[in-house]
Participant: 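Sharing a structure here in structure tokens format.
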Amino acid sequence: MTLKIYNSRSRQKEEFQPLREGKVGIYVCGITAYDLCHVGHARSAIVFDVITRYLRYRGWEVTYVKNFTDVDDKIIDRARRENTGISEIAERYIREHDNDMDALGVARPTFAPRATENIDGMIRLVTTLLEKGLAYPVEGDIYYSVERFPGYGKLSGRNIEEMLAGARVDVNDKKRNPFDFALWKASREGEPWWESPWGHGRPGWHLECSVMCRRHLGDTFDIHGGGEDLVFPHHENEIAQSEGATGKTLARYWIHNGFVRVNSEKMSKSLGNFFTIRDILRQYHPEVLRLFLLQSHYRSPVDFSDAALSEARQGMNRFYSTLKLLKDIEAGGTEAATEAAEKDGEMKAQLLNLRERFREAMDDYFNTARAIRLLNTTLAEKKPGVSRGVLVEAGKTFLEIGSVLGLFRQEADEYLRQDREREAVKRGLSVAEIERLIAERRAARAAKMWQRADEIRNGLAVQGVILRDGPDATTWRIS
RNA sequence: GGCGGCAUAGCCAAGUGGCUAAGGCAGCGGUCUGCAAAACCGUUAUUCUCCGGUUCAAAUCCGGAUGCCGCCUCCA
């Protein structure tokens with residue numbers, strides 16, 4: 001069985017064959033550290049987190065590189081506004097980014113290089129491009145000459161003439177062609193600068209990625225990823241720089257994730273329709289956000305809304321309720337499970353099948369939506385008639401698959417407790433008050449005062465508190 | 001203006017040539033329960049935006065229409 005990857009470059013699914021036996025190198029464009037990350041960044045991070053987890057699950061040794069852009073116009077602007085240096089700004093938002101990613105359960109990459117740590121490499125690359133006649137200097141700036149690179153546009157499926165015909169290109173008479181882009185910019189007064197053969201200056205945005213991926217992964221590596229919006233011009237320019245300099249293919253497979261939308265529009269800083277990761281994590285468990293995002297295929301757009309998250313929360317509760325049930329069964333606390341039962345064979349087959357079908361789904365260019373459906377389908381398979389041992393095995397299989405998707409990482413009891421407390425707080429309910437009423441109702445029930453008991457339950461139900469009478473205790477959750 | 005993507009039930013969403021079109025949420029009926037909840041059983045698209053075409057066979061391929069979105073400027 002082979003893994004199929006949709007390659008943006010060829011616009012079709014291709015069989016994945018790593019360059020080096022048993023190893024995979026993957027580079028993903030990270031963030032520009034000038035503000036808090038929003039749900040769009042979360043999607044990209046989670047998608048590539050799951051991709052690397054799956055590649056590892058499949059047995060490859062993965063080197064995962066994700067960079068930080070820590071010098072850029074926006075960082076400079078922000079530093080100026082806050083009257084501080086760019087490294088303070090970058091440092092702050094890299095830290096915040098890491099906090100958010102940790103909270104989301106996104107594994108740290110193997111390497112997380114920063115642009116400013118690679119200035120020497122960038123200068124060397126620009127020098128090579130100048131020597132090869134692919135770049136030219138103008139007043140301390142160095143531009144890449146897109147016309148000198150024959151393959152320009154091959155990733156995004158454009159050609160220079162067509163784009164020129166479409167107009168809407170910026171006016172800059174320093175450039176020979178409007179699509180030429182800055183490799184190196186002369187620093188103006190008050191801007192950060194580095195010493196270079198062309199005077200004091202700073203790197204253009206695309207340059208860092210060419211340098212950092214090459215440094216960690218070599219001239220040619222397996223997978224290059226990022227958000228859909230990076231296809232043009234960022235990745236196109238990276239190809240021009242890297243392939244122009246080395247004469248070798250930069251990345252063999254290009255993976256681009258689709259956008260998060262809000263009311264059918266792209267979530268973005270400039271539109272102002274974004275939600276930061278931490279805003280969302282105040283309202284929902286990280287795995288709810290994860291489930292929500294992974295329920296769609298990574299290339300499809302996904303519409304973000306509170307209703308959609310709330311729905312994902314229901315799904316997550318269902319999973320964790322089942323995991324709790326399985327755990328209780330393992331602990332021997334539930335009478336339902338027997339030691340051997342007639343449906344064992346069926347369930348075992350189902351579990352074996354689940355692993356296989358999970359792999360099939362993920363092999364089909366990381367179809368997490370299909371994978372999640374499999375979990376749901378398995379959930380629906382009858383528990384009665386299956387023995388304790390097999391149910392315990394089922395729980396383990398779920399956790400195994402969950403570990404690839406980054407789900408079910410928490411103890412079920414703890415998850416459910418946190419969920420109801422979070423939801424109670426969101427609705428302005430007091431946990432202590434709820435529990436007091438439950439105690440009162442229990443007393444009423446013991447005395448068979450059904451009317452009072454129902455009054456309390458209905459009163460709580462109106463506020464969204466659903467009670468569940470168990471054999472020895474009453475538990476509650478928020479609808 | 002150029003290039004590209006998407007359209008499947010009340011909502012979300014998989015399926016990209018052939019068994020009865022997955023799954024979730026919501027809804028409805030039932031078992032269970034003091035009443036509930038959970039769980040379980042059953043049920044909810046003769047049909048995939050529309051119109052043509054190819055084929056023995058299409059949600060799936062081709063052409064056209066409509067609608068929505070993205071990239072072309074910083075963007076995950």
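In the text below, chain A, chain B and the rest are named by the order of the sequence lines, each starting its count at 1.
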Participant: Answer with yes or no whether A:Arg457 presents, from its side chain, a donor or acceptor under 3.5 Å of a partner atom in the base of B:C35.
Facilitator: yes

Participant: Between the base of B:G24 and the side chain of A:Glu311, is there any donor-acceptor pair under 3.5 Å?
Facilitator: yes

Participant: Answer with yes or no whether A:Arg43 presents, from its side chain, a donor or acceptor under 3.5 Å of a partner atom in the base of B:A76.
Facilitator: no

Participant: What is the separation between atom CG on A:Leu207 and atom P on B:C74, rounded to the nearest whole Å?
Facilitator: 15 Å

Participant: Any luck finding a side-chain donor-acceptor pair between A:Arg318 and A:Asn376 under 3.5 Å?
Facilitator: yes

Participant: What's A:Lys269 touching, base or sugar-phosphate or nothing? Going by heavy atoms closer than 4.0 Å.
Facilitator: nothing

Participant: Have a look at A:Gly30 and say if it touches a base, only the backbone sugar-phosphate, or nothing, with a 4.0 Å heavy-atom cut-off.
Facilitator: sugar-phosphate

Participant: Testing A:Leu230, A:Leu250, A:Asn67 one by one against A:Cys209 for a side chain to side chain contact (heavy atoms under 4.5 Å, CB included), which residue passes?
Facilitator: A:Asn67

Participant: Using only heavy-atom distances, decide whether a donor-acceptor pair under 3.5 angstrom links the side-chain of A:Asp229 to the base of B:G70.
Facilitator: no

Participant: Ignoring the backbone of A:His38, work out which of B:A76, B:A36, B:G23 is nearest its side chain.
Facilitator: B:A76

Participant: Look at all strands and tell whether A:Arg445 reaches a base, only sugar-phosphate, or nothing, counting heavy atoms closer than 4.0 Å.
Facilitator: base

Participant: If we only count heavy atoms from C-beta on, is the A:Ile5 to A:Ile255 side-chain gap below 4.5 Å?
Facilitator: yes

Participant: Under 4.0 Å between any heavy atoms, over every strand shown, what does A:Val260 touch: base, sugar-phosphate, or nothing? Just pick one.
Facilitator: base

Participant: May I ask which nucleotide in the shown strands pairs with B:U20, Watson-Crick or G-U wobble, both distances under 3.5 Å?
Facilitator: none

Participant: Taking only the side-chain heavy atoms of A:Asp469 (C-beta and beyond), determine which of B:A14, B:A36, B:C69 contains the nearest atom.
Facilitator: B:A36

Participant: Between B:G67 atom P and A:Asn263 atom CG, what is the distance in whole Å?
Facilitator: 20 Å

Participant: Describe the nucleic acid contact of A:His256 in one word from base, sugar-phosphate, nothing, applying a heavy-atom distance below 4.0 Å.
Facilitator: nothing

Participant: Whole-Å distance between B:U16 C1' and A:Asp364 CG?
Facilitator: 10 Å

Participant: Under 4.0 Å between any heavy atoms, over every strand shown, what does A:Leu467 touch: base, sugar-phosphate, or nothing? Just pick one.
Facilitator: base

Participant: Would you call the rings of A:Phe408 and A:Tyr320 parallel, tilted or perpendicular, where under 30° means parallel and over 60° means perpendicular?
Facilitator: perpendicular

Participant: Once you round it to whole Å, what is the distance between P of B:U73 and CZ of A:Arg158?
Facilitator: 9 Å

Participant: What does B:G29 pair with, Watson-Crick or G-U, if both distances are under 3.5 Å?
Facilitator: B:C41

Participant: If you check the A:Phe179 side chain, which of B:C25, B:C72, B:A14 turns out closest?
Facilitator: B:C72

Participant: How about A:Glu238 and A:Ser210: does a side-chain donor come under 3.5 Å of a side-chain acceptor?
Facilitator: no

Participant: Closest approach to the side chain of A:Arg477, judged atom by atom: which nucleotide of B:G34, B:A37, B:G70 is it?
Facilitator: B:A37

Participant: Can you tell which of B:A38, B:A14, B:A76 lies closest to the side chain of A:Asn257?
Facilitator: B:A76

